[in-house]
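Positions are given from 1 along the sequence.
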Amino acid sequence: MLSPTEVRARYEKVQAEVGAGVTVVAATKYVSLDEMAVLAEAGIDVVGENRVQDLLAKHATYGNVFRWHFIGRLQSNKVNVVNRLCELVHSLDSHSAAERLAVPALLQVNLAAEDTKGGVPPDEVAEYLRYGIRGLSTMPPAADDPEASRDWFRKLHALAAEHSLAELSIGTTQDYRIAVEEGATYVRVGSVLFR
C-alpha cells in the first residue's frame, strides 16, 4: 500500500480524468483492515466492498469514515447487513435479494452470458424495474486491451436508455477511461489507487 499522500494524489488524478459527474468508488476487495486507515487518511470517501464478511469487519473499525457501496455478488441471506451499512448496491442480480433490499441498487447485467460471472440476461432487465433500480452495471469479458470493453459498455448504455435508467456502474482500473467515454456514472477502481 502506498502512503496516504500518494493515494490521495492518485485519487485526484483519476477524479480529474473522469470528471465531476462520475463517482470514483475505491474497490477494497484486496485492501486489508489495517490498510483501510491509509484510505481514510488520504480522504477517500466512497469505498466498494465485495464480500459481506469483509464489509462487516471494515465497517466495525471505520464506521462512517467512508460511504459504503456493495459491489460483489449479493446473496439474499446477506441483504440485511447491506441494508444497514451501505448506501448503494452495484450488483443486484436476483429477485430474492431485490425483494429484501431497502437501499438503492443497480442491476448487474451479464451481457456476454459468461458462466463465471453474476448478472441477469439483458432480456430480464424489465422484470427488475418494479424494484426501483436506479441503473445498470456490468463486467465485460477479461481482455488485455481496454478498448475491448467499449462495445460491452455501449450495449449496456443502450439497454439502460431503453429502460430510462440514468446510472451506469462500469469500468475498473484497466478500462475506466473507456467507461467514462461510454457513459459511466460510477467507476470501481483499486490498483490504480493503491499499488
Student: Dump the intermediate steps for side-chain contact (heavy atoms from CB on, under 4.5 Å) on N110 and V120, then the final yes or no.
Tutor: CA-CA 5 Å; N110 189 341; V120 303; over 6 Å; no

Student: Scan for salt bridge (Lys or Arg N to Asp or Glu O under 4.0 Å) pairs involving residues 124-146, sequence neighbours excluded, and state none if there are none.
Tutor: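 Sorted pair list: R134-E167.
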
Student: Under a 4.5 Å side-chain heavy-atom rule over Ile, Leu, Val, Met, Phe, Trp and Tyr, are F153 and Y176 clustered together?
Tutor: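 Same cluster: F153 reaches Y176 through Ile, Leu, Val, Met, Phe, Trp or Tyr contacts under 4.5 Å.
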
Student: Output, in order, the C-alpha distance, side-chain angles, deciding distance and verdict of side-chain contact (heavy atoms from CB on, under 4.5 Å) for F66 and M36.
Tutor: CA-CA 10 Å; F66 303 109; M36 293 292 289; 3.7 Å; yes

Student: About how many Å separate CG of L74 and CG of N77, when rounded to the nearest 0.5 Å?
Tutor: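 Those atoms lie 9.0 Å apart.
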
Student: Taking a hydrophobic cluster as the set of Ile, Leu, Val, Met, Phe, Trp and Tyr residues connected by side-chain heavy atoms closer than 4.5 Å, whether directly or through intermediates, do Y30 and V46 fall within one such cluster?
Tutor: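 As far as the 4.5 Å side-chain criterion goes, V46 and Y30 are not connected within one cluster.
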
Student: To the closest 0.5 Å, what do you measure between CH2 (W152) and CD (E182)?
Tutor: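 CD of E182 is found 14.0 Å from CH2 of W152.
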
Student: Calculate, to the nearest 0.5 Å, the distance between atoms CD1 and CG belonging to I170 and D175 respectively.
Tutor: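 It is 8.5 Å, given to the nearest 0.5 Å.
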
Student: So, W68 side chain and L88 main chain: donor-acceptor pair closer than 3.5 Å or not?
Tutor: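 Answer holds: no.
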
Student: When you compare the side chain of S137 with that of L107, does any pair of heavy atoms fall below 4.5 Å?
Tutor: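 A side-chain contact is absent here, since even the closest heavy-atom pair is not under 4.5 Å.
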
Student: Where do C86 and L55 come nearest, in terms of heavy atoms and distance?
Tutor: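 Minimum heavy-atom contact is SG-CD2, 3.6 Å.
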
Student: What's the separation between atom CG in L136 and atom CG in L106, rounded to the nearest 0.5 Å?
Tutor: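 One finds 7.5 Å between CG of L136 and CG of L106.
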
Student: State which residue, out of V81, V79, L85, fulfils the side-chain contact (heavy atoms from CB on, under 4.5 Å) condition with N83.
Tutor: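 Among V81, V79, L85, the one that satisfies the side-chain contact (heavy atoms from CB on, under 4.5 Å) with N83 is V79.
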
Student: Answer whether the closest heavy-atom distance between the side chains of F194 and L2 falls below 4.5 Å.
Tutor: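 No, side chains not in contact.
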
Student: Can you give me the closest heavy-atom contact between V22 and V18, atom names plus distance?
Tutor: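 So the two residues come closest at CG2-O, 3.5 Å.
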
Student: Kindly determine whether L101 and V89 satisfy side-chain contact (heavy atoms from CB on, under 4.5 Å), including the steps that lead there.
Tutor: CA-CA 9 Å; L101 200 59; V89 171; 4.0 Å; yes

Student: Check the pair D54 / V52 against side-chain contact (heavy atoms from CB on, under 4.5 Å), numbers first and verdict last.
Tutor: CA-CA 5 Å; D54 292 339; V52 169; over 6 Å; no

Student: Donor-acceptor pair, K58 side chain versus S32 backbone, under 3.5 Å?
Tutor: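 Checking the backbone N and O of S32 against the side chain of K58, no donor-acceptor pair under 3.5 Å is found.
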
Student: Hey, is R8 close enough to E12 for a salt bridge, meaning N to O under 4.0 Å?
Tutor: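 Looking at R8 and E12, the cut-off is met.
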
Student: Taking all non-hydrogen atoms of both residues into account, name the closest pair between A166 and T185 and its distance.
Tutor: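 Minimum heavy-atom contact is O-CG2, 3.8 Å.
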
Student: Test of understanding: clusters of I, L, V, M, F, W, Y form through side-chain heavy atoms closer than 4.5 Å, transitively. Do V25 and V65 belong to the same one?
Tutor: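 No, it is not one cluster - the side chains of V25 and V65 are not joined through contacts under 4.5 Å.
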
Student: Among the clusters formed by ILVMFWY side chains lying less than 4.5 Å apart, do I133 and V103 turn up in the same one?
Tutor: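 Hydrophobic grouping puts I133 with V103.
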
Student: Look at R150 together with E181 and state whether they make a salt bridge at an N to O cut-off of under 4.0 Å.
Tutor: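 The answer is yes: the pair qualifies as a salt bridge.
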
Student: Any salt bridge linking R195 with E35? Criterion: basic side-chain nitrogen under 4.0 Å from a carboxylate oxygen.
Tutor: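 Between E35 and R195 there is a salt bridge, with a charged N closer than 4.0 Å to a carboxylate O.
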
Student: Okay, side chain of D93, backbone of V109: is any donor-acceptor separation there less than 3.5 Å?
Tutor: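 Checking the backbone N and O of V109 against the side chain of D93, no donor-acceptor pair under 3.5 Å is found.
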
Student: Go through the structure and list residues passing ring pair (Phe, Tyr, Trp, His ring centres under 6.0 Å) with H157, not counting sequence neighbours.
Tutor: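 H157: no ring pair (Phe, Tyr, Trp, His ring centres under 6.0 Å) contacts found.
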
Student: For the residue pair T28 and E49, confirm or rule out a side-chain donor-acceptor distance under 3.5 Å.
Tutor: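 On atom types as modelled, these side chains qualify, holding a pair under 3.5 Å.
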
Student: Sorted by first residue and then second, give each ring pair (Phe, Tyr, Trp, His ring centres under 6.0 Å) pair with at least one member in residues 7-26; sequence neighbours left out.
Tutor: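 Qualifying pairs: none.
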
Student: Identify the two heavy atoms, one from V187 and one from A179, that lie closest to each other, and give their separation to 0.1 Å.
Tutor: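 The answer is CG1-CB, 4.5 Å.
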
Student: What pair of heavy atoms forms the shortest contact from E87 to P104, and how long is it?
Tutor: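 For E87 and P104, the tightest heavy-atom pair comes out as O-CD, 3.4 Å.
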
Student: Using 0.5 Å steps for rounding, measure from the NE2 atom of H69 to the CG atom of N50.
Tutor: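 Separation between the atoms: 13.5 Å.
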
Student: Would you please test R73 and S91 for side chain to side chain donor-acceptor pair (under 3.5 Å) and show each step?
Tutor: CA-CA 6 Å; R73 195 89 184 257; S91 50; over 6 Å; no

Student: Minimum heavy-atom separation for H59 to N64, with atom names?
Tutor: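 Smallest interatomic distance, heavy atoms only, reads NE2-OD1, 4.0 Å.
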
Student: Is there a path of hydrophobic side-chain contacts, each under 4.5 Å between heavy atoms of I/L/V/M/F/W/Y residues, joining V47 to V14?
Tutor: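 Yes, same cluster.
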
Student: Determine, step by step, whether Y186 and H90 satisfy the ring pair (Phe, Tyr, Trp, His ring centres under 6.0 Å) criterion, reporting the C-alpha distance in whole Å, the side-chain angles of both residues, the deciding distance to 0.1 Å, and the verdict.
Tutor: CA-CA 9 Å; Y186 298 91; H90 293 240; 5.2 Å; yes

Student: V180 versus E17: any side-chain heavy-atom pair under 4.5 Å?
Tutor: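 Side-chain contact under 4.5 Å: no.
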
Student: Any non-hydrogen side-chain atom of Q108 less than 4.5 Å from a side-chain atom of L92?
Tutor: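 No, every pair of side-chain atoms sits at 4.5 Å or beyond.
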
Student: Between Q75 (side chain) and A97 (backbone), is there a donor-acceptor pair under 3.5 Å?
Tutor: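 Between the backbone of A97 and the side chain of Q75 there is no qualifying donor-acceptor contact (under 3.5 Å).
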
Student: So do V31 and V38 actually touch side chain to side chain, heavy atoms under 4.5 Å?
Tutor: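 Side-chain contact under 4.5 Å: no.
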
Student: Which class fits the ring pair Y128 and Y131: parallel under 30°, tilted 30 to 60°, perpendicular over 60°?
Tutor: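 Y128 and Y131: tilted rings.
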
Student: Look up atom CD in Q15 and atom CD1 in I44, then write down how far apart they are to the nearest 0.5 Å.
Tutor: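 Answer for the CD-CD1 pair, Q15 versus I44, is 9.5 Å.
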
